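Atom set for the values below is all heavy atoms of this structure, side chains included, hydrogens, waters and symmetry mates excluded. Every chain is numbered from 1 and lettered A, B, ... according to where its sequence line falls, protein lines coming before strand lines. On a predicted model such as this, the values are computed, not experimentally measured, just so you know.
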Protein chains: 2
Amino acid sequence: MLLREVDHVGIAVEDLEAAIEEYRRAFGIEPAHRERVEHQGVDEVLFGVGTSFIQLLGSLGPDTPVGRFLARRGEGIHHIAYRVDDVEAALAALRDAGVRLIDERGRPGSRGTTVAFVHPSAMHGVLVEVVQEGR
Amino acid sequence: MLLREVDHVGIAVEDLEAAIEEYRRAFGIEPAHRERVEHQGVDEVLFGVGTSFIQLLGSLGPDTPVGRFLARRGEGIHHIAYRVDDVEAALAALRDAGVRLIDERGRPGSRGTTVAFVHPSAMHGVLVEVVQEGR
């Protein structure tokens with residue numbers, strides 16, 4: 001499997017509006033995209049950095065993955081996403097390598113992408129996502 | 001200040017050799033660089049992913065930044081590093097924006113780079129590094 005790029009680094013924050021303002025002020029960057037992903041329970045904002053994005057994640061409630069992460073660990077880096085050509089081929093390669101998956105098939109992500117998550121226990125405590133542009 | 005790229009994502013691991021082997025097997029990638037950075041108390045290994053690197057960090061002992069991170073939080077993403085043209089200019093811009101810094105001046109990083117760290121309290125719990133290629 002070829003990891004093309006770091007697609008994004010997802011950062012869980014308590015107050016999304018305050019975080020956007022602080023990233024804008026600290027780095028002089030503007031959000032490139034904003035989207036509510038209801039089935040993941042998040043509001044997300046993307047800032048472009050070269051070929052990658054910084055993704056700020058605000059939770060839609062305490063009983064969501066990001067809400068539980070914030071309660072357990074506080075604000076911080078939530079996951080790293082790698083861009084791949086084909087999510088299904090990536091999942092097949094990971095499965096062949098004996099890597100434990102969260103998603104056995106790709107599912108819709110933001111920006112019209114297809115995504116899947118690898119289990120953090122397989123990746124030294126790191127939640128890893130693979131992202132394919134388009135569906 | 002211009003963030004050029006995600007330079008690398010640093011991941012703290014307990015057993016560096018085992019982690020290298022697992023990244024190799026899961027993603028079919030080979031280490032591009034390996035270096036001991038004594039003054040930071042780490043052994044680091046870089047895998048190239050497009051224009052960025054995945055950086056695996058093994059601690060040289062419990063009383064090092066990565067050793068303390070592992071004791072406190074366990075394995076996981078330790079920091080995110082952004083590539084900039086000029087570390088001193090980046091630090092000046094961050095200082096002007098009122099951002100709390102760990103390093104007031106650039107210092108030597110691995111691969112002949114110049115680096116500086118921003119305080120996580122200024123970045124929603126995220127340890128941020130800026131990296132300039134060359135010295």
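When every heavy atom of B:Ala97 is checked against every heavy atom of A:Ala26, the shortest pair comes out as CB-CA, 4.1 Å.
Using a 4.0 Å cut-off between charged nitrogen and carboxylate oxygen, B:Arg83 and B:Glu133 count as a salt-bridge pair. In this structure, B:Arg95 pairs ionically with B:Glu104, as a charged nitrogen and a carboxylate oxygen lie closer than 4.0 Å.
Of the atoms belonging to B:His78, not a single heavy atom falls under 4.5 Å from chain A. With a 4.5 Å cut-off on non-hydrogen atoms, A:Val6 touches chain B through its backbone and its side chain both. Looking at B:Ile11, only its side chain comes within 4.5 Å of chain A, counting heavy atoms on both sides. Residue contact with chain B, scored on non-hydrogen atoms closer than 4.5 Å, involves the backbone of A:Arg4 exclusively. If you measure heavy-atom distances from B:Leu56 to chain A, you find no contacts under 4.5 Å at all. Only the side chain of A:Tyr23 comes within less than 4.5 Å of a heavy atom in chain B; its backbone stays farther off. If you measure heavy-atom distances from A:Tyr82 to chain B, the contacts under 4.5 Å come from the side chain alone.
Shown here is A:Arg72, whose CZ atom has more than 12 heavy atoms of other residues, nucleotides or ligands within 6.0 Å.
For the set B:Asp15, B:Val99, B:Ile80, the entry with the most heavy-atom pairs within less than 4.5 Å of chain A is B:Ile80.
For B:His33 and B:Phe53, the gap between ring centers reaches or exceeds 6.0 Å.
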